[in-house]
Amino acid sequence: MKKVIAMLALVALVGNVANAELLKNFKATGQIEVNAYNTNNADFNKDANDKTGKADTRVQINAGFDLNEDVSAVVSAVKCNQQYGRTNGENAVNGAFDNFTFEQAYLNLKGVFGLDHKLGRQYYGEAGDLIVYYGPATWPYPSAIALARPAIDGWTSAYKYGNWDFGAIIANEFQGNANGQRNIAVHGVTAMTKVIDIGLNGYVYQQNDNNTSAGNNDYLTVAGLKGKYAIPMVKDLNVAAEFAMNMGKMTNGDLKHKGMAYKLNADYGMDLLGRLGFNAEYYFASGDGNGTDKGDSTFRTINGDFRPGVMMGGGFVAANGTSTGSSMIGAGANWSPEMATKLNLAAKYYNFSADQKINNAEKHLGNEYDLVATWTHSENVAVKAYAAMFQNEKKNFATDDAQTMFGAAFEVKF
């Protein structure tokens with residue numbers, strides 16, 4: 001199916017779209033992103049020569065069109081295999097086109113049994129979600145600008161009934177070889193509603209990782225509940241919370257999943273020579289310091305995308321391997337001055353720790369400090385300049401010189 005839809009998209013891009021009845025209501029969108037940055041003291045040792053500089057790029061092209069009055073198609077082509085300055089750069093146009101990957105290629109069946117059905121390779125979830133997200137990595141950009149599992153193959157649908165919104169997914173994340181040595185399937189249901197002005201979102205997902213060659217089948221279930229509330233007594237004060245827990249087991253050794261996590265958020269805005277905002281966040285995920293019992297208390301996600309901090313969230317800080325689980329405290333402020341409404345200045349502090357320590361290491365892992373200036377030139381052009389510093393816990397490392405990062409990120413939509 002993906003190849004067929006991809007061929008149709010190619011015809012649409014190079015043919016006369018206006019005269020192609022097959023491709024009526026054709027619409028193409030996309031974006032180009034460049035993230036240029038340098039880092040220093042990755043090993044927390046200022047005497048080591050480990051300063052690096054890179055410029056990551058990503059191009060996304062999305063095409064949508066109607067096949068008939070009941071079926072539409074969507075294709076997304078993404079290229080993110082190159083960095084500026086690489087000696088093995090693509091010198092030929094054909095070579096560049098060969099490295100575009102069709103990340104999405106799905107059909108949307110409209111109103112079948114009263115539902116819309118997406119069939120094929122597609123993005124799923126929202127960027128930054130704690131439990132599940134299949135799609136392009138957004139800000140803070142990771143050290144590799146694309147996620148390892150950016151899309152998923154299968155069926156998704158949604159249904160609205162009164163004040164309720166229901167969703168479902170049955171999909172395949174990974175298909176092994178012809179002998180079926182490994183297969184990773186994901187399925188789940190979601191339900192959203194509003195009760196006394198509190199937005200509620202419940203979910204249950206299951207990820208079945210069948211690895212017959214290794215004799216280790218992993219059945220992970222994640223169930224959780226989110227809530228959002230705009231406090232009426234205090235204008236522009238919003239609070240949110242999420243709780244999730246693991247169930248299921250690994251058949252090799254009959255390890256039961258027993259992890260849990262929760263996240264608390266609050267934000268407040270006020271007018272002060274422009275718009276001033278404050279935010280705070282707390283996150284906890286359980287770990288497992290006991291490797292000999294029949295329970296796995298480490299919290300596990302389906303394909304989570306919660307990545308706090310420019311450096312820690314981007315994967316630029318290496319773990320020290322002496323702690324388990326995680327907790328994070330974050331607090332920040334941002335300001336858009338009235339004399340320059342396109343500008344937003346933000347500062348954020350993060351405190352990272354483990355939920356427990358092993359090998360006599362400290363639970364505290366380190367602190368991160370981020371400064372980000374965003375200039376939104378228009379709805380189609382935005383530029384970020386940022387500086388970040390991560391100060392590690394002195395007792396967990398042989399050296400304790402802070403790791404630093406400076407960069408600029410550009411986004412152009414079309």
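Atom set for the values below is all heavy atoms of this structure, side chains included, hydrogens, waters and symmetry mates excluded. All values derive from a computational prediction rather than experimental measurement.
Between Asp305 and Gly128 the shortest heavy-atom distance is OD2-N, 2.8 Å. Between Ala63 and Phe26, the shortest heavy-atom distance links the atoms CB-CE1, 3.8 Å. In this structure, Tyr159 and Gly114 approach most closely via the heavy-atom pair CD1-O, 4.3 Å. The heavy-atom pair separating Gly227 from Leu200 by the smallest distance is CA-CD2, 4.2 Å. When all heavy atoms of Ala240 and Lys228 are compared, the pair lying nearest together is CB-CG, 3.9 Å. When all heavy atoms of His117 and Ser157 are compared, the pair lying nearest together is ND1-OG, 4.1 Å.
You'll find the side chain of Leu225 stays beyond 4.5 Å of the side chain of Phe243, heavy atoms only. In this structure, Val310 and Phe316 have side chains that are not in contact, with every pair of non-hydrogen atoms separated by 4.5 Å or more. Inter-residue side-chain proximity for Asn246 and Met260 is flagged as unmet; no heavy-atom pair is nearer than 4.5 Å. In this structure the side chain of Trp139 reaches within 4.5 angstrom of the side chain of Tyr386, judged on heavy atoms. Looking at heavy atoms from C-beta onward, Tyr124 lies in side-chain contact with Ile169 at the 4.5 angstrom threshold. Within the 4.5 Å cutoff, the side chain of His187 has heavy atoms near those of the Asn208 side chain. With contacts defined as side-chain heavy-atom distances shorter than 4.5 Å, the pair Ser327/Phe352 does not qualify. For the pair Met247 and His257, the minimum side-chain heavy-atom distance is 4.5 Å or more.
How far CG of Leu220 is from CD1 of Ile184: 11.0 Å, rounded to the nearest 0.5 Å. The distance from the CE atom of Met405 to the OG1 atom of Thr52 is 8.5 Å, given to the nearest 0.5 Å. Distance check, rounded to the nearest 0.5 Å: OG1 of Thr301 to CG of Asn303 gives 6.5 Å. Expressed to the nearest 0.5 Å, how far CG of Leu273 lies from CD of Glu338 amounts to 5.5 Å. For the atom pair NZ of Lys348 and OH of Tyr350, the computed distance is 3.5 Å after rounding to the nearest 0.5 Å. To the nearest 0.5 angstrom, Leu67 atom CG is 6.0 Å from Leu107 atom CG.
A donor-acceptor pair is defined here as one N or O able to donate and one able to accept, closer than 3.5 Å; no such pair exists between the side chain of Asp56 and the backbone of Asn35. Put simply, the side chain of Ser336 never gets that close to the backbone of Arg275: no donor and acceptor are under 3.5 Å apart. Between the Asp267 side chain and the Ala280 main chain, no donor and acceptor come within less than 3.5 Å of each other. For the pair Asn41 (side chain) and Gln403 (backbone), a donor-acceptor distance under 3.5 Å is absent. Looking at Thr404, its side chain never comes within 3.5 Å of a backbone N or O of Met389 through a donor-acceptor pair. Although no hydrogens or angles enter the test, the distance criterion places no donor-acceptor pair under 3.5 Å between the side chain of Glu173 and the main chain of Val186. With hydrogens and angles disregarded, no donor-acceptor distance shorter than 3.5 Å links the side chain of Glu126 to the backbone of Tyr133. In this structure a side-chain-to-backbone donor-acceptor pair under 3.5 Å is present from Gln207 to Ile302.
Side-chain contact, Glu33 with Gln60: a donor N or O sits under 3.5 Å from an acceptor N or O. With no hydrogens or angles considered, no side-chain donor-acceptor pair links Ser76 and Glu103 at under 3.5 Å. Side chain to side chain, Lys384 and Thr374 meet the donor-acceptor criterion of an N or O pair below 3.5 Å. With no hydrogens or angles considered, a side-chain donor-acceptor pair links Asp66 and Asn25 at under 3.5 Å. Under the 3.5 Å distance criterion, with hydrogens and angles disregarded, no donor-acceptor pair is assigned to the side chains of Asp355 and Ser286. In this structure, a donor-acceptor pair under 3.5 Å is present between the side chains of Asn351 and Tyr349. Gln391 and Tyr369 share no donor-acceptor pair across their side chains, judged by distance under 3.5 Å alone. If you check the side chains of Asn210 and Asn183, you find no donor sitting under 3.5 Å from an acceptor. Judged by distance alone, the side chains of His377 and Asn380 never bring a donor and an acceptor atom under 3.5 Å apart. When only modelled atom types and interatomic distance are considered, Glu281 and Asn265 share a side-chain donor-acceptor pair under 3.5 Å.
Cation-pi check for Lys54 over Tyr37 is not met; the charged atom does not lie both under 6.0 angstrom from the ring centroid and within 45 degrees of its normal.
Atom NZ of Lys110 has more than 12 neighbouring heavy atoms from other residues, nucleotides or ligands inside a 6.0 Å radius. The neighbour count for Tyr161 OH, taken as heavy atoms of other residues, nucleotides or ligands under 6.0 Å away, does not exceed 12. Within 6.0 Å of NZ on Lys118 lie no more than 12 heavy atoms contributed by other residues, nucleotides or ligands. Enclosure of atom NZ in Lys342 by more than 12 non-hydrogen atoms of other residues, nucleotides or ligands within 6.0 angstrom is indicated. Other residues, nucleotides and ligands contribute at most 12 non-hydrogen atoms within 6.0 Å of the NZ atom of Lys249.
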Worksheet item: How far apart are the C-alpha atoms of Leu130 and Glu242, what are their side-chain angles, what is the distance that settles it, and do they pass the side chain to side chain contact (heavy atoms under 4.5 Å, CB included) test?
Response: CA-CA 9 Å; Leu130 178 63; Glu242 181 173 5; 3.9 Å; yes

Practice prompt. Decide salt bridge (Lys or Arg N to Asp or Glu O under 4.0 Å) for Arg121 and Asp153; before the verdict, give the C-alpha distance in whole Å, the side-chain angles of both, and the deciding distance to 0.1 Å.
Written response: CA-CA 4 Å; Arg121 187 165 181 81; Asp153 294 285; 2.9 Å; yes

Worksheet entry | Working for side chain to side chain contact (heavy atoms under 4.5 Å, CB included), residues Asn344 and Trp335 | CA-CA 6 Å; Asn344 181 267; Trp335 181 52; 5.9 Å; no

Item to complete: Begin with the C-alpha distance, continue with both residues' side-chain angles, and end with the deciding distance and a verdict on ring-ring contact (aromatic ring centres under 6.0 Å, His included) for Phe284 and Tyr262.
Response: CA-CA 6 Å; Phe284 173 86; Tyr262 59 89; 5.6 Å; yes

Fill in: side chain to side chain contact (heavy atoms under 4.5 Å, CB included) assessment of Asn334 paired with Asn279
CA-CA 9 Å; Asn334 67 88; Asn279 56 79; 4.1 Å; yes

Item to complete: Please lay out, stage by stage, how Ile32 and Phe414 fare under the test side chain to side chain contact (heavy atoms under 4.5 Å, CB included).
Response: CA-CA 8 Å; Ile32 300 171; Phe414 56 88; 4.0 Å; yes

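For the ring pair (Phe, Tyr, Trp, His ring centres under 6.0 Å) test, no residue two or more places apart in sequence or in another chain qualifies with Tyr229. Judged as a side-chain hydrogen bond (donor to acceptor under 3.5 Å, both in side chains), and not counting sequence neighbours, Asn392 has no contacts. Qualifying salt bridge (Lys or Arg N to Asp or Glu O under 4.0 Å) partners for Asp165, counting only residues two or more places apart in sequence or in other chains: Lys160.
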